[in-house]
Amino acid sequence: MITLAVLALVFWVPQDTVSGYLVSKRGRVSIGDAMAPGLSLGLMALSGALIGVFDLAFDDLLLPPNGDQ
Amino acid sequence: MTEMLHYVWLGILSVFQGPAILEIAGVGLPVALVMLVAGLITGIAVGATPGLAGPMAMAISLPLLISAFGFTPDALLPVFGFLIGIMKGATLGGAVPAILFNLPGTPDAMMTTLDGFPMAQQGQPRRALRIAQLSSVAGDTFSDLVLFICAPFLAVVVEAYLDLPEKTALLILSISFVAAVMGRSVGKGLLSVSLGLLVAYIATGNDLSPRLTLGFDVLQSGIPLIAAVLGVLIVGEIFATLERLWLDNHALDVIPVEKRSTQDGLQPGDIRRISPYVGRGAVIGALIGALPGVGSTLAATLSYTMAARRIKRHPQAQPLGTGAPEGIAATEAANSAVSGANLIPVLSLGIPGNAAAVFLILAADSIGGFNPGPGVFSMPDGALNPQLVTVFGIFTLMSLGNVLNWTVGGGVMRAMGGLAKIPATRLLPVVLLVSLTAIYVQETSMFAIWSTLAFGVLGWAMRKLAVPVLPFVIAFILAGPIERSAREAFAASGADPWFLFSSPTSVILLLLALAALMFLGRGR
């Protein structure tokens, strides 16, 4: 998930948005169209890290409730 | 104050003097009132049918209602009336199969089975249903009163004290809170939020060329809101339930109660016995309901646990779990008290807290002319705020819904007892078909149907992976407002990258968001 988010952040978002993360027009700086999706993907990467660290890679899915394999 | 009372009066009039649907003896029946009654009956029926739920009925009916009433402000109260009726009816109806068949009609009625079914087994199903009705309606009424008082107050505070950076921080706090309290872990909650945000940002934005479309022309107009919400929330649930039935065909089978006592019905002293538990349950439910994302199941569980602790202190009292009226009362009062309070963040901040609130926002968004948020409570000098009239119209409909639940709700509940016997394997495909038809009626494009099915698969996969779905929907709805307020706040601050930390209030809100993620998600 982290890899997916980083790949999307590096390749998809910059390629598929026109204005980038910040826009500077006539000396005025404003937030570009890439900022919100970029932050969402950053959040996705963070969630992937949290799941990896605290949920031990979805082990609750791989094991039935009683712990038997 | 006089001005406020004037708005209250206009709200009441908007319900009773609205367009008439039919005339009886020369007296016109207001359409909003008729839709409220229809919604209540539908809600009780849906709540009494295991496998269905209030949000499911709201999802199916919303596109049909909008097609019937159109996109004018006149449509707001009839549509809201029906949806509010379903919301109120479903909380009442959920207790029916829980008591009669040991099968909760809605997830929050799970705790009702613990005492409701034993009481029914002891030959007193009518008594159990009556106690559930009284407790549920009392909790709901209390919750509505909390809403009527708190929502305008909160909206005024937000409008007076929160500027753009604080409003952005408040929205961030809301989605952080929802991510933290829902699901099994904060990581999964945040994953759901990030997916919801990302999908919502497709083909939106300020540039002339829409973003994140991957070159597909069909994505140029973005993902239809109704397709994403209904897909993840409803179609995903249908897929998950059908899979459960596929694996265990008897998962939703009913256990009928045959025994019937002659001493059925409310017993002398029952009201006095349950009153303290109803009161405590109502307070717990209203407090929990006011927080976005915290569901009625938690309120019911908490109220039942507290009631059990209190009962244990009295050795002569009937213990919970053996058909004690206190158990039914504590559960039903708490889970019903969530619904009204849940609308506090919706009406005052525009932040949906549960699935029912999502559909009310969706209705407002689809019809137009009503934008839930602090602005609806403003009273401009020399001008009328039609949104505030609509709010008091909604409050009137909610109060009338409570009156109907108090008076005829019990009879309708008993009449719906047989619905639990309809096999879910036949019911759910029909619901799926009607949902897709309803979406096509509103969107009139096959892209919306395919999107709904795709989001249905996403919703099913999220349920399989124990990723909560409600944060996805709430993030999808709040994505636009968050981006908009952040852009405006950034521009207003003169492109200060630290604009979110420019005031103590926004710093406190952001710290609360961080604290919610760090502490509320622990231990689950």
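The sequence lines fix the lettering, A, B, ..., with proteins before strands; numbering per chain opens at 1. Quick caveat: nothing in here was measured; it's all calculated off a predicted structure. Below, all heavy atoms of this structure are taken into account, side chains as well, without hydrogens, waters or symmetry copies.
- Applying a 4.5 Å heavy-atom cutoff, the residues of residues 192-203 of chain B that approach chain A are Val193(B), Ser194(B), Leu195(B), Leu197(B), Leu198(B), Tyr201(B).
- Between Ser19(A) and Asp207(B), the shortest heavy-atom distance links the atoms OG-OD2, 2.7 Å.
- Within a 6.0 Å radius of CD in Gln220(B), other residues, nucleotides and ligands contribute more than 12 heavy atoms.
- A distance of 12.0 Å separates OG of Ser30(A) from CD of Glu488(B), quoted to the nearest 0.5 Å.
- Only the side chain of Leu22(A) comes within less than 4.5 Å of a heavy atom of chain B; its backbone N, CA, C and O stay farther away.
- Separation of atoms OG (Ser47(A)) and CG (Leu190(B)) is listed at 6.0 Å; rounding is to 0.5 Å.
- In this structure, the side chains of Arg211(B) and Asp16(A) stay at 4.5 Å or more apart for every pair of heavy atoms.
- In terms of heavy atoms, Gly187(B) sits closest to Ile51(A) at C-CG1, 3.6 Å.
- The structure places CD of Glu483(B) at 8.0 Å from CD1 of Ile31(A), a figure rounded to the nearest 0.5 Å.
- Counting heavy-atom pairs under 4.5 Å between each of Thr204(B), Leu212(B), Asn206(B), Thr213(B) and chain A puts Leu212(B) at the top.
- Interface residue Val13(A): backbone and side-chain heavy atoms are both found under 4.5 Å from chain B.
- For chain A, the nearby parts of Leu214(B) are the backbone and the side chain; heavy atoms of each come within less than 4.5 Å.
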